[in-house]
Amino acid sequence: MFPARIPTPCYVLEETLLRRNLSLISRVAKEADVEIILAFKAYALHKSFPIFREYIKSSTASSINEARLAYEEMGSLAHTYAPVYKESEFHTIMSCSSHITFNTPTQFERFYPMVKAFSEHSISCGLRINPEYSEVGTDLYNPCAPGSRLGTIADELPYPLPEGIEGLHFHTHCESNSYDLEKTLEIVEDKFARYLPHIKWINMGGGHLMTHKDYDVEHLIGLLKAFKARHPHLHVIMEPGSAFGWQTGYLVTQVLDVVENKGIKTLIMDASFTCHMPDCLEMPYQPAVRGAEKEVSQVHKYQYRIGGNSCLSGDVIGDWFFDHAPEVGDLLIFEDMLHYTTVKTTMFNGIVHPSIYLHKADGNWEEYRTYTYEDYKDRMC
């Protein structure tokens, strides 16, 4: 039951559900003898990192700020990859990283002298490869789409690898299953076969949605074991993001008005799809709404469109059927809103940002963050 004292909109993280995901991910890592780390690009609620540290040790970063978050809040050096690095930021990135993966050989050649001269701790360098194969159907999220700027294809990768390259990294998945990974590994092992004996680690990237109810976890474990049997010298790393935050919480909003235009009734809530659920418009996909259905039935027969509170005309998501006629003041709950959503939010229109709460395993509620006018103002200049 959502407490009346907590204002909406509000992201709610369920500790019990988070621990369920962490336990499963930890089991996969142990049984398959691989390292699974958290990708901040999908989940970065650092106040929950003490819970994470009970199950995993490390994280992956895609920028100087994520690298600092790993070092300062996760308490460990990051596995860092970015499409490009800036010289003015690179020393800080090195200070916060145990692994640095470069997008191209030219990026590696430019920055490797700085890595060699770095003395605070050892850094293992890698290159991102592009196997030119992905099951991802939406180009916006497909890292192997024709002409992709991400990674180096086999025909353009030098052999032997430049001195100092100890690993290879590929990322070809987005909320994918283990059978997609199986196909990808076949291609990687074929196209990059001559490189594998000469590296120490391989990073299989993210997009492995192993906490989905339909994911074949045992197949994944067997697949990883078989890969390691073929390449016993390789340390295997995986860095899913969605899998950690998958179905661990929701976004609570309140209906502020009901607008009717030519028979279409729209519920306007105190949150925004473009500001607070951008993937719903980018992907696009329609989130599950608690108590509502996408198809009409004898029970769910009250049809409404759901709209956000921004001035963007397209800040709406489809039509839904309710078992009653929603009224001003009713709560709308959007399921599965912790991964990616919380890191991609904006303050477009100066709209109030959702607060963030942890619903603890003991039933109590802990405030992680409530946003203010100053948060909006300070983002400007």
Query raised in the report: Centres of the F118 and F90 rings: under 6.0 Å?
Result: no
Report summary line: Tightest non-hydrogen contact, residues T345 and T342, listed as OG1-O, 3.7 Å
Could you give the side-chain donor-acceptor pairs of residues 3-12 under 3.5 Å, partners two or more places apart or in another chain?
unit_1: T8; atom_1: OG1; unit_2: D270; atom_2: OD2; d: 2.5
unit_1: Y11; atom_1: OH; unit_2: H276; atom_2: O; d: 2.8

Query - Presence of salt bridge, K57 and E35, under 4.0 angstrom - result: no
Requested in this report: Just do the side chain to side chain contact (heavy atoms under 4.5 Å, CB included) check on F49 and L69 with the steps written out, would you?
Outcome: CA-CA 10 Å; F49 288 175; L69 192 71; 4.2 Å; yes
Query raised in the report: Which pairs, with at least one residue in residues 88-97 and sequence neighbours excluded, count as a side chain to side chain donor-acceptor pair (under 3.5 Å)?
Result: T80-S97, S95-E120
Requested in this report: Answer yes or no on whether K360 is positioned over the face of W365, meaning its NZ or CZ is under 6.0 Å from the six-membered ring centre and within 45° of the axis.
Outcome: no
**Report entry** Within the 6.0 Å centroid threshold, strictly below: H169 and Y81
**Finding:** yes
Query raised in the report: Stepwise, does the side chain to side chain contact (heavy atoms under 4.5 Å, CB included) test hold for H208 with S176?
Result: CA-CA 5 Å; H208 313 281; S176 304; over 6 Å; no
Query - Geometric cation-pi criterion, R128 with F170: 6.0 Å, 45° - result: no
Query raised in the report: Is it true that F322 and H300 have ring centroids separated by less than 6.0 Å?
Result: no
Report task. Could you name each residue pair satisfying side chain to side chain donor-acceptor pair (under 3.5 Å) that touches residues 243-259, not counting sequence neighbours? Result -> none
Query raised in the report: Would you call R110-E87 a salt bridge at under 4.0 Å N-O?
Result: yes
Query raised in the report: So does K344 have more than 12 non-hydrogen atoms from other groups sitting under 6.0 Å from NZ?
Result: yes
Query raised in the report: With a 4.5 Å heavy-atom cut-off, do Y302 and F321 have their side chains touching?
Result: no
Query raised in the report: Any ion pair linking E66 and K41 (charged N to carboxylate O, less than 4.0 Å)?
Result: no
Query raised in the report: Cluster question for you: counting only ILVMFWY and a side-chain heavy-atom cut-off of under 4.5 Å, with indirect links fine, are M283 and M337 together?
Result: yes
Query raised in the report: Any Lys/Arg nitrogen of R19 or E54 sitting under 4.0 Å from an Asp/Glu carboxylate oxygen of the other?
Result: yes
Query raised in the report: For F244 and Y43, what are the C-alpha separation, side-chain angles and deciding distance, and is it a ring-ring contact (aromatic ring centres under 6.0 Å, His included)?
Result: CA-CA 8 Å; F244 285 95; Y43 182 102; 8.0 Å; no
**Report entry** Residues D375 and R369 bridged, charged N to O under 4.0 Å
**Finding:** yes
